[in-house]
Engineer: 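To start, I am sharing the structure in question, which I have written as structure tokens.
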Amino acid sequence: MAFPETRLRRLRRTGALRKLVRETTFRSDELVQPMFVVGGSDRREPIASMPGIERLSINHLVEEAGEVNECGVSAVLIFGVPGDRDEGGSGAYDDDGVVQMAVRAIKDAHPDLICITDVCLCSYTSHGHCGVLDTDGNVDNDITVEILAKIAISHAKAGADMVAPSDMMDGRVGAIRSQLDQEGHSKTSIVAYSAKYASAFYGPFREAAESAPEQGDRRGYQLDPANIREAVREAKLDDEEGADILMVKPALPYLDVIKTLRETSDLPIAAYQVSGEYAMIKAAAASGWIEERDAVLESLTAIRRAGADILISYYAKEAAQWL
Ligand SMILES: [Zn+2]
């Protein structure tokens, strides 16, 4: 039946009717809050391009993680911003490194909060690339993979529930899985950054994590924004290598990738609303050009509608409060 018998506006008439037929919702316990940890004590360093987000020393991080958890958010994703860096990024697998100490402190204070750790080298290498460089200045895949496995082990030892390799090296999920199993960490899950695109939307993060590469860019290892079949191949390989959860990053510009991976894989799909997505909403809201709360909830709903099961967002805490 067509108009005038069929009138779709009938079900849009009131808020109660709209709620009754709403197709997509999300819960606070599907949100993950990314956090940045620095060494030292009693440090709170605002990040200019990400208003409301700070680099925190462990005492403040533990406090903030507790608040995030109280709001109903289930998990935090920890990024380390160490003071010292070297060519090989050795600080990344130091058992007394900033992430390892942070995980121990968080699990101690909030045992139910899921601790996910970023496994990468870019914040730990003097050159800022996600792996070690060969003599030609290219990231050496296979040596990097060995180091990534070492990092994952040190995080698991500290008590991380999940490790999240974000480097985009070939074969790293398999190497991390077998190393974890060999060393008695078969319970530690792997969240694989499967479709991590070489995106312009990471700009503010690089300020936050002080991880901009000194030379060159990351297009030699991250996905080309124009490709989607390649994302499916990456996801399949990560699944075969033992990933527990697949991730798409960024989120809003890549809804088609989220939808495609949701349809081609049975694994849970996480989507990462990145720093640039956060910064754009913040900046527009600060200028009075956009309604912040509505824009955030609409974006997260859209990411969920595309098929993401897990929503990683700098707005996680606030969104949980708004829900
Ligand atoms: Zn990296």
Side-chain angles (χ1 to χ4, degrees), residues 32 34-38 47 49-50 55 77-94 97-100 102 116-134 137-155 160 162-173 175-176 190-225 231 234 238 243 246-251 270 272-276 312 314:
V32 178
M35 301 181 88
F36 300 98
V37 59
V38 288
I47 299 155
S49 53
M50 300 177 73
R55 286 183 293 250
L77 171 58
I78 311 286
F79 292 90
V81 191
D84 297 325
R85 289 150 202 244
D86 57 34
E87 284 280 306
S90 62
Y93 49 86
D94 180 352
V98 71
V99 169
Q100 290 81 353
I116 311 171
T117 54
D118 180 71
V119 173
C120 200
L121 278 164
C122 45
S123 294
Y124 296 86
T125 50
S126 43
H127 45 76
H129 276 287
C130 298
V132 291
L133 303 181
D134 62 18
N138 295 313
V139 172
D140 187 313
N141 190 88
D142 298 8
I143 296 172
T144 299
V145 165
E146 284 173 33
I147 300 173
L148 293 166
K150 267 165 103 168
I151 302 172
I153 295 291
S154 76
H155 291 178
M162 301 180 171
V163 291
S166 63
D167 51 282
M168 292 306 286
M169 296 302 121
D170 287 325
R172 89 277 206 220
V173 172
I176 290 172
I190 299 177
V191 183
Y193 284 71
S194 300
K196 182 179 182 184
Y197 284 88
S199 171
F201 291 95
Y202 303 148
F205 176 94
R206 288 179 188 157
E207 185 204 340
E210 296 167 352
S211 65
E214 236 169 32
Q215 275 189 347
D217 53 46
R218 298 198 170 99
R219 281 181 272 195
Y221 37 103
Q222 296 176 348
L223 286 183
D224 187 315
E234 282 283 2
D238 286 349
L246 305 176
M247 194 202 293
V248 177
K249 180 182 183 180
Y272 197 144
Q273 184 187 45
V274 301
S275 58
I312 305 170
Y314 296 97

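First listed ligand is number 1; within each ligand, the first listed atom is number 1.
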Engineer: Rounded at 0.5 Å granularity, tell me how far CG in N141 sits from OH in Y221.
Structural biologist: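 It comes to 11.5 Å.
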
Engineer: Going by salt bridge (charged side-chain N to carboxylate O under 4.0 Å, His left out), name the residues that satisfy it together with D238, two or more places apart in sequence or in a different chain.
Structural biologist: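 If we apply the salt bridge (charged side-chain N to carboxylate O under 4.0 Å, His left out) test to D238, skipping adjacent residues, the hits are R172.
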
Engineer: Can you sort out the partners of D170 under salt bridge (charged side-chain N to carboxylate O under 4.0 Å, His left out), two or more places apart, ordered by chain and number?
Structural biologist: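 Once residues adjacent in sequence are excluded, D170 has no partner under the salt bridge (charged side-chain N to carboxylate O under 4.0 Å, His left out) criterion.
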
Engineer: In chain order, what residues pass the side-chain hydrogen bond (donor to acceptor under 3.5 Å, both in side chains) check against D134, with sequence neighbours excluded?
Structural biologist: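 Scan of D134 (side-chain hydrogen bond (donor to acceptor under 3.5 Å, both in side chains), adjacent residues dropped) gives none.
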
Engineer: By residue and atom, what protein N/O/S atoms are less than 2.8 Å from the Zn ion (ligand 1)?
Structural biologist: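 Counting only protein N, O or S atoms under 2.8 Å from the Zn ion (ligand 1), the list reads C120 SG, C122 SG, C130 SG.
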
Engineer: Are K196 and Y272 in a cation-pi setup, meaning NZ or CZ lies under 6.0 angstrom from the ring centre and within 45 degrees of the ring axis?
Structural biologist: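 Ring-cation test returns no.
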
Engineer: Please report whether the ring centroid of F205 lies less than 6.0 Å from that of F36.
Structural biologist: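 Under 6.0 Å, so yes.
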
